[in-house]
Amino acid sequence: MPKISPLSNIGQDWISPEWPAPRSVRACTTTTCGGVSEVPYESMNLATHVGDSAAAVRENRRCLMEYLELPAQPLWLEQVHENYVVNAAGNCDGIPLADASFSDHPGPVCAVLTADCLPLLLCDHAGTRVAAVHAGWRGLAAGVIEAAVAALNIAPQELMAWMGPAIGPRSFEVGDEVRDIFLQHDSAAGDAFLPAARQAAHSRRWFADIYRLAKLRLSASGVSHVYGGNFDTFSDTRFYSYRRSGVTGRMATLIWIDVN
């Protein structure tokens, strides 16, 4: 059985989005700190699919709910790097196969899990709609941001976005095949790729700016109020990073409309 997490340690370096969201909108990104998971997942792993003790994950999720005073259990997703979006306020059987969830009611908690992929939050200026999006490069290419914006069913000009901790533009190395996918969709995406110092014999290597790629998708969807995007999960040990560690935990990025 996992040791009980000392709540005095929980949340001490968690991230509160810096964006002009209404007071009714609550949001947070966890870090590695504050839980009971052991090496190599220490300590606040919130994912059940990475090999961590099921008891430790349950305790971490219990502490998360207690510390944030969540109005409901987060809607955890089985993330598949696609563009599927589900309504967190609906009746979801089991764990939905999706990479984003949204709500237009107070209470339901939207959540995504990441360890280098981009967690992106959306809300409207009135505080009546929220969404959490898991946007790795595959999800970005598949149109998960566009799908989430459409699901909110409101003029995009009424929305704002916050980009949470993801792998930074000088840490995310990809090959020609990734760059080509984005260039085929939008030639402006070329600005999001810089040649890497290390080059391979049969494929050029590039540093990809996932924040820039997300901004392009948001802009094309009509969302112009964009905040955040100043993190690097690979170099900042506050965060889990799959590229840095391989076997590792996952952080949660959550958003909900307060019931009070």
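The shown structure was predicted, so the numbers you read here are calculated from the model rather than taken from an experiment.
Here the side chain of Q79 pairs a donor or acceptor atom with the backbone of L113 at under 3.5 angstrom. Judged by distance alone, with hydrogens and angles left aside, the side-chain atoms of T233 form a donor-acceptor pair with the main-chain N or O of I167 at under 3.5 Å. No donor-acceptor pair closer than 3.5 Å links the side chain of Y240 to the backbone N or O of D116.
Checked against M163 for a side chain to side chain contact (heavy atoms under 4.5 Å, CB included), the options L120, L121, I210 give a single hit: L120.
Within 6.0 Å of CD on E69 lie no more than 12 heavy atoms contributed by other residues, nucleotides or ligands.
The aromatic rings of H125 and H225 stand perpendicular to each other, their planes meeting at an angle above 60°, with 30° marking the opposite boundary. Between W14 and Y67, the ring-plane angle classifies as perpendicular under the 30° and 60° cut-offs.
Cluster membership check: M65 does not share its hydrophobic cluster with L75, using side-chain heavy-atom separations under 4.5 Å among Ile, Leu, Val, Met, Phe, Trp and Tyr. Under a hydrophobic-cluster definition in which Ile, Leu, Val, Met, Phe, Trp and Tyr are linked whenever side-chain heavy atoms come within less than 4.5 Å, directly or via other members, V133 and I154 are assigned to the same cluster.
Interatomic distance, CH2 of W256 versus SG of C110, reported as 10.5 Å (0.5 Å rounding).
In summary, the side chains of N60 and S37 do present a donor paired with an acceptor at a separation below 3.5 Å, with no hydrogens or angles considered.
F102 has its side chain within reach of V85: a pair of non-hydrogen atoms, C-beta onward, lies under 4.5 Å apart. Looking at V226 and M160, their side chains never come closer than 4.5 Å, going by heavy atoms from C-beta outward.
Ring to ring, F172 and W206 are not that close: their centroids are 6.0 angstrom or more apart.
Residue V50 shares its hydrophobic cluster (ILVMFWY side chains chained together at separations under 4.5 Å) with Y41, V247.
The existence of a salt bridge linking R238 and D13 is excluded, since no basic side-chain nitrogen approaches an acidic carboxylate oxygen closer than 4.0 Å.
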